[in-house]
Amino acid sequence: MKLSFRWYGESDPVKLKYIRQIPKMRSVVTAVYDVPVGEVWSRESIAKLKEDIESAGLIFDIVESVPVHEDIKLGKPTRDKYIENYIENIRRLAEVGVKVICYNFMPVFDWTRTQLDKELEDGSTTLVYYKNQLEKMDPLTGELALPGWDSSYKKEDLKDLFEEYSKIDKEALWGNLQYFLEKIIPVAEENDVCMAIHPDDPPFDIFGLPRIITDENNIDRFLKLFDSPNNGLTLCTGSLGCTKSNNIYEMIDKYSAQGKIHFMHVRNVKILDDGSFEESAHCSDCGSLDIVEIMKILHKNKFKGYLRPDHGRMIWGETGRAGYGLYDRALGASYINGIWETLEKLK
Ligand code: DNO
């Protein structure tokens, strides 16, 4: 297992020197944030990331995310230009030693929560998805700002996008994903890069927009779209595990045994009776997922990919990017690492 930690670049209040102090930390997961979605990343910006990360004593060999332009997901005639740019980004990242690229294929919005600062009993705050809050949200008012969303959308752009997606059903989205994979995976193969799709979060349609990377059947279908060791998964326990209909233990067992998991996102969620959920601390008893069991399965299958502790709560008075503070994620890293070390010693 290659322990890694997400970092949002120079403007991130979480500093690389602190990430380095987390025991056994290896790789920094980041991206170039200075160009709009769909454009080519400059070699200078990529080199700067590598230099900053390496001078902090860490490794730059995994990227999250190279985002996919909406025209690709919509299958518009302009998609080929954006796919060319995407391919160029794969090449440029491979040149500096990047081995895994995480991305997703969710229409318009990335991961979605309804509140970023829900106070828990212990006084910490966390990210939640409450169905009754979602029902009251209207993405077209342009007043919503959630951390996973591309805030560069203007009200008008969103309206147009929703209209375009109203003509796209799930089958069309599958077709557009296949078209994309057929172009990018051969390039990933040539450049020794593994592409790792992130599941949809949450794994069901929201605001009437189709979502397809949601469950075992669909992930099987995805892997068959282009059968290659370089076409694999980011397996996010909290995304797939926030609904009881997914058996994430079986999924992790199956896909890690097949060598399809290039990147693990590990976090816990507490599933509520109405299907809402709250993000909780990483430990097994803190939420609905058994993290020890997850780590046991990965260990049994000799998981050698990258793993990062995913979202943490805000604790100890820390402020900053919701879900991505230092303290709780560092606790999560140490908890996960402790399980792994124990499994290694008991071998
Ligand atoms: C949430 C993240 C996602 C993820 C993208 C991958 O915290 O896991 O934003 O980075 O969906 O493309």
Side-chain angles (χ1 to χ4, degrees), residues 4-9 12 14 27-33 37-38 41 62-70 72-73 82 86 89-90 93 98 100-117 126-129 145-153 177 180-181 184 188 193-204 206 209 211-214 219 222 231-242 248 261-269 277-280 282 289 305-314 320-326 328-329 332-333:
S4 51
F5 208 78
R6 194 172 196 181
W7 177 64
Y8 280 93
D12 193 330
V14 178
S27 295
V28 169
V29 187
T30 189
V32 165
Y33 294 105
V37 173
W41 293 1
I62 173 158
V63 163
E64 174 177 355
S65 305
V66 180
V68 179
H69 194 274
E70 294 302 323
I72 298 176
K73 297 177 214 163
Y82 290 114
Y86 205 96
N89 283 334
I90 297 176
L93 290 169
V98 168
V100 168
I101 296 176
C102 171
Y103 67 105
N104 72 75
F105 216 73
M106 288 177 251
V108 192
F109 302 118
D110 195 320
W111 58 299
T112 300
R113 299 291 178 272
T114 58
Q115 193 184 336
L116 309 181
D117 57 355
T126 197
L127 297 148
V128 298
Y129 180 97
L146 289 175
W149 295 11
D150 186 338
S151 51
S152 67
Y153 287 128
L177 178 53
F180 176 62
L181 293 177
I184 64 157
V193 167
C194 289
M195 297 302 301
I197 199 166
H198 188 285
D200 299 347
D201 180 9
F204 39 78
I206 50 163
L209 296 166
R211 292 191 155 201
I212 54 178
I213 308 299
T214 53
I219 291 176
F222 164 78
N231 180 33
L233 311 171
T234 296
L235 199 138
C236 177
T237 59
S239 304
L240 291 169
C242 74
I248 56 154
I261 305 182
H262 302 311
F263 190 16
M264 282 295 303
H265 285 183
V266 178
R267 65 181 161 88
N268 211 340
V269 278
F277 60 87
E278 294 170 348
E279 298 197 1
S280 48
H282 293 80
L289 306 182
Y306 295 81
L307 179 151
R308 70 168 176 84
D310 205 357
H311 311 165
R313 303 155 300 147
M314 281 299 177
R321 183 184 285 267
Y324 283 99
L326 172 66
D328 205 31
R329 285 191 299 148

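The first residue of the sequence shown is numbered 1, and numbering continues consecutively from there. Remember, it's 1-based here, ligands and their atoms both numbered in the order they're listed.
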At a 4.0 Å cut-off, with the gap strictly under it, does some heavy atom of Cys102 reach an atom of ligand 1?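 Right, Cys102 reaches ligand 1.
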With a cutoff of 4.0 Å, is Arg308 in contact with ligand 1, counting heavy atoms of the residue only?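 Under 4.0 Å: yes for Arg308.
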Among residues at least two apart in sequence or on other chains, which ones pass side chain to side chain contact (heavy atoms under 4.5 Å, CB included) with Asp200?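 Here the qualifying residues are Met106, Arg211, Ile213, Thr214.
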When you check the side-chain N and O atoms of His265 and Glu64, is any donor under 3.5 Å from an acceptor?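 Yes - a donor-acceptor pair under 3.5 Å links their side chains.
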Where's the contact between Glu279 and ligand 1, heavy-atom distance under 4.0 Å: side chain, backbone, both or neither?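 Neither part.
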Determine, considering heavy atoms only, which of Asp200, Asp110, Thr112, Thr234 sits nearest to atom 11 (O) of ligand 1.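 Shortest heavy-atom distance from atom 11 (O) of ligand 1: Asp110.
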Minimum non-hydrogen distance to atom 12 (O) of ligand 1, winning option of Ala31, Ser239, Ala322, Ser65: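 The option holding the nearest heavy atom is Ser65.
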Roughly how far apart are Asp201 CG and Asn104 CG, rounded to 0.5 Å?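 Separation between the atoms: 9.5 Å.
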Once rounded to the nearest 0.5 Å, what's the spacing between atom NE2 of His262 and atom CG of Leu233?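 Nearest 0.5 Å value for the NE2-CG distance: 7.0 Å.
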Which of the numbered atoms in ligand 1 are below 4.0 angstrom from a heavy atom of [X]?
X      : answer
Glu64  : 2 (C), 4 (C), 8 (O), 10 (O)
His311 : 1 (C), 7 (O)
Asn104 : 5 (C), 6 (C), 11 (O), 12 (O)
Tyr103 : 12 (O)
Met106 : 11 (O)
His265 : 8 (O)
Tyr324 : 1 (C), 2 (C), 7 (O), 8 (O)

Are the aromatic rings of Phe180 and Tyr86 close, with centres under 6.0 Å apart?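 Distance test on ring centres: under 6.0 Å, yes.
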Ring centers of Tyr324, His311 separated by less than 6.0 Å: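 Distance test on ring centres: under 6.0 Å, yes.
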Where does the angle between the aromatic ring planes of His69 and Tyr82 fall among parallel (under 30°), tilted (30 to 60°) and perpendicular (over 60°)?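 Because their plane-to-plane angle is under 30°, the rings of His69 and Tyr82 count as parallel.
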NZ/NE/NH1/NH2 to OD/OE distance under 4.0 Å, Arg329 and Asp12: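 So Arg329 does not pair with Asp12 through a salt bridge.
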